[in-house]
S.K.: 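Could you have a look at this structure, given as structure tokens, before my questions?
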Amino acid sequence: MNLNLTKMQGTGNDYIFANLLDVGDSEIFDEMNWSQMAIRLSDRHFGIGSDGLIFICPSDIADCRMRMFNADGSEGAMCGNGIRCLGKYVYERSLIKKTVICVETMAGIRTLYLDIENENHVRFVSVDMGIPIILPTIEINSFLLTPVSIGNPHVVYFVPNQPSEYPVEKWGPFLECHSRLKERSNVEFVQVVSQDRLRLRIWERGSGETLSCGTGACAAVVCAIQQKGLENKVLAEVPGGTLTISWNGNGEAVFLSGPAEFVFDVTVHM
Ligand SMILES: N[C@H](CCC[C@H](N)C(=O)O)C(=O)O
């Protein structure tokens with residue numbers, strides 16, 4: 001079967017998109033295929049290459065539904081960079097011609113606010129990422145870690161030096177699967193640069209180190225606001241670019257803004 005796919009990226013966090021809004025239920029693959037497809041297509045040598053695979057599906061309770069799979073085939077409940085790309089995709093391809101789009105995810109319904117330039121160009125997308133859950137800090141092997149849920153699990157660690165010099169490739173996998181964490185977690189290695197700026201690297205659950213992580217940047221910022229007294233609007237510098245995150249404190253939703261870009265369209269035979 002030929003499948004028309006599209007590669008997109010948000011601050012370097014790249015995903016392959018499959019649009020199933022035009023495909024009848026009978027042709028939608030079962031979940032096992034989706035997970036296997038994610039592994040095969042995400043491979044940067046034997047596949048297209050990406051941090052994962054995202055399906056844009058019909059929804060009974062929202063404008064559409066996002067199902068995202070990491071490069072190892074595991075399913076993520078939410079994806080901040082991916083959902084911004086989804087907003088651009090459905091608007092510019094006239095699938096959902098609205099500037100406020102509700103997307104059903106495994107973490108709940110998320111609302112996108114599209115900034116449109118000259119009629120059909122989505123300049124950037126802001127996302128209501130829901131209310132974060134910040135748990136008490138725990139110590140694992142002298143790491144002081146703060147678990148944070150953005151609909152998906154994160155642990156935030158404030159590094160003693162530049163994230164660029166930190167051995168993320170060693171401690172990322174160690175913490176991702178640590179038995180003290182109730183589930184596999186995304187890990188953020190964060191440096192506070194100023195009262196309104198962070199610098200971080202991310203080890204993503206199921207994809208390894210990525211150039212950016214929208215939910216991870218949100219987790220880092222809400223943790224830094226609560227624990228380090230940062231301002232309510234913070235620029236998060238990730239290796240792939242800069243994201244803007246706003247949060248007004250406990251009980252309030254966190255908002256993520258940033259770019260989303262098309263890379264290429266491709267047809268694959270599966
Ligand atoms: N690896 C994550 C999903 C992707 C999140 C990230 N790419 C983002 O932009 O939020 C998880 O399994 O929870």
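Atoms within a ligand are numbered from 1 in the order they appear, just like the ligands themselves. Any value given below was found using the heavy atoms of this structure, including those in side chains, with hydrogens, waters and symmetry copies removed. Here the structure is a predicted model, which is why all the values come from computation and not from measurement.
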S.K.: Record the part of Tyr15 in heavy-atom contact with ligand 1 below 4.0 Å; permitted values are side chain, backbone, both and neither.
M.R.: side chain

S.K.: Determine, for Arg199 against Glu237, whether the closest basic-nitrogen to carboxylate-oxygen distance falls under 4.0 angstrom.
M.R.: yes

S.K.: Counting only N and O atoms by type, is there a donor-acceptor contact under 3.5 Å from the side chain of Arg67 to the main-chain atoms of Glu75?
M.R.: no

S.K.: Are any non-hydrogen side-chain atoms of Val238 and Leu200 less than 4.5 angstrom apart?
M.R.: yes

S.K.: Indicate yes or no: does an N/O atom of Gly214 lie under 3.5 Å from an N/O atom of ligand 1?
M.R.: yes

S.K.: How close does the nearest protein non-hydrogen atom get to atom 3 (C) of ligand 1, and which residue and atom is it?
M.R.: Asn70 OD1, 3.5 Å

S.K.: Is the backbone of Val187 close enough, under 3.5 Å, to the side chain of Ser185 for a donor and an acceptor to pair up by distance?
M.R.: no

S.K.: Need the ligand 1 atom indices (1-based, order shown) with element for anything under 4.0 Å from a heavy-atom of Asn81.
M.R.: 8 (C), 9 (O)

S.K.: Can you confirm, on distance only, whether ligand 1 has an N/O atom lying under 3.5 Å from any N/O atom belonging to Asn186?
M.R.: yes

S.K.: With the threshold set at under 4.0 angstrom, would you say Met78 reaches ligand 1 through any of its heavy atoms?
M.R.: yes

S.K.: What protein heavy atom sits nearest atom 4 (C) of ligand 1, and how far off is it?
M.R.: Glu204 OE1, 3.3 Å

S.K.: With Arg44, which residues qualify under side-chain hydrogen bond (donor to acceptor under 3.5 Å, both in side chains), at least two apart?
M.R.: Asp14, Asp51

S.K.: State if Cys213 counts as touching ligand 1 under the rule of any non-hydrogen atom under 4.0 Å.
M.R.: yes

S.K.: In ligand 1, which numbered atoms sit nearer than 4.0 Å to a non-hydrogen atom of Asn152?
M.R.: 2 (C), 11 (C), 13 (O)

S.K.: Please determine if Arg205 has a nitrogen or oxygen closer than 3.5 Å to a nitrogen or oxygen of ligand 1.
M.R.: yes

S.K.: Measure from the side-chain N and O atoms of Arg84 to the backbone N and O of Ser257, and report whether any donor-acceptor pair falls under 3.5 Å.
M.R.: no

S.K.: Is the closest heavy-atom distance from Ser207 to ligand 1 below 4.0 Å?
M.R.: no

S.K.: For atom 10 (O) of ligand 1, grab the closest protein heavy atom and report residue, atom and distance to one decimal in Å.
M.R.: Thr215 OG1, 2.6 Å

S.K.: Aromatic rings Trp34 and Phe55: how do their planes relate, parallel, tilted or perpendicular, breaks at 30° and 60°?
M.R.: parallel

S.K.: Relative to the heavy atoms of Gly80, which atoms of ligand 1 are at a distance of less than 4.0 Å?
M.R.: 8 (C), 9 (O), 10 (O)

S.K.: Is the closest heavy-atom distance from Met68 to ligand 1 below 4.0 Å?
M.R.: yes

S.K.: Kindly state whether the ring of Phe143 and the ring of Trp171 have centres lying under 6.0 angstrom apart.
M.R.: yes

S.K.: Taking the side chain from Gln36 and the backbone from Ala38, do they hold a donor-acceptor pair closer than 3.5 Å?
M.R.: no

